[in-house]
Amino acid sequence: MNTDLDVNNPVSNLINSFSSNNNLCRCDCLLNSALKRFTYCNEALKSQSAIDFILTSNKDVITHFEVIDRNSNLSDHLPPLMNLGSCCE
């Protein structure tokens, strides 16, 4: 679903409610929370937004989160990436 979860609209509100009710956390809010990265960019339309997210039920295993911005990406979406540590240590 292409929606910005930081905006108040019916789709975002539904996803945020589902996340809250199921104790899910957004990975982009766990690490580097001061830095909002856009995951959609259309240079021709001069448009960008954060509409791709990763949710987790165990925030303690997330060790890294970033939005990958490579020149070789042929899509208008920039993929989010997370690294997981061991949950059994």
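If you read the sequence from its start, that first residue is 1, and numbering goes on from there. Keep in mind that the numbers below use all heavy atoms, side chains included, and drop hydrogens, waters and symmetry copies. Source: prediction; values computed, not measured.
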Given 3.5 Å as the limit, does a donor-acceptor pair link the side chain of [X] with the main chain of [Y], or not?
| X | Y | value |
| --- | --- | --- |
| N16 | L5 | yes |
| S47 | N42 | no |
| N9 | V11 | yes |

Can you list every ring pair (Phe, Tyr, Trp, His ring centres under 6.0 Å) pair that touches residues 4-23, not counting sequence neighbours?
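Passing the test, one end in residues 4-23: no pairs.
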
Can you tell me how far [atom2] of [Y] sits from [atom1] of [X], rounded to the nearest 0.5 angstrom?
| X | Y | atom1 | atom2 | result |
| --- | --- | --- | --- | --- |
| T3 | L14 | OG1 | CG | 10.0 Å |
| D28 | L55 | CG | CG | 9.0 Å |
| S57 | N22 | OG | CG | 9.5 Å |
| I62 | L84 | CD1 | CG | 5.0 Å |
| N13 | S20 | CG | OG | 12.0 Å |

Honestly curious: do M82 and V61 fall in one hydrophobic cluster under the side-chain, below-4.5 Å linking rule?
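Yes; V61 is reachable from M82 via cluster members.
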
Would you mind listing the cluster partners of L81? Hydrophobic ones only (ILVMFWY), side-chain contacts under 4.5 Å, chaining allowed.
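Under the 4.5 Å side-chain rule, L81 groups with I68.
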
Evaluate the side-chain proximity of [Y] to [X]: yes if any heavy-atom separation is below 4.5 Å, no if none is.
| X | Y | answer |
| --- | --- | --- |
| F65 | P80 | yes |
| I54 | R26 | no |
| L78 | F38 | no |

Could I get the full list of ring pair (Phe, Tyr, Trp, His ring centres under 6.0 Å) partners for Y40, not counting sequence neighbours?
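Partners of Y40 by the ring pair (Phe, Tyr, Trp, His ring centres under 6.0 Å) criterion, ordered by chain and then number, come out as H77.
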
Looking at every non-hydrogen atom in both residues, tell me the closest pair between T56 and C27 and how far apart they are.
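Shortest heavy-atom separation between T56 and C27 comes out as CG2-SG, 4.0 Å.
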
If I compare all heavy atoms of T39 with all of I51, which pair ends up nearest, and what's the gap?
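For T39 versus I51, the nearest heavy atoms are OG1-N, 2.8 Å.
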
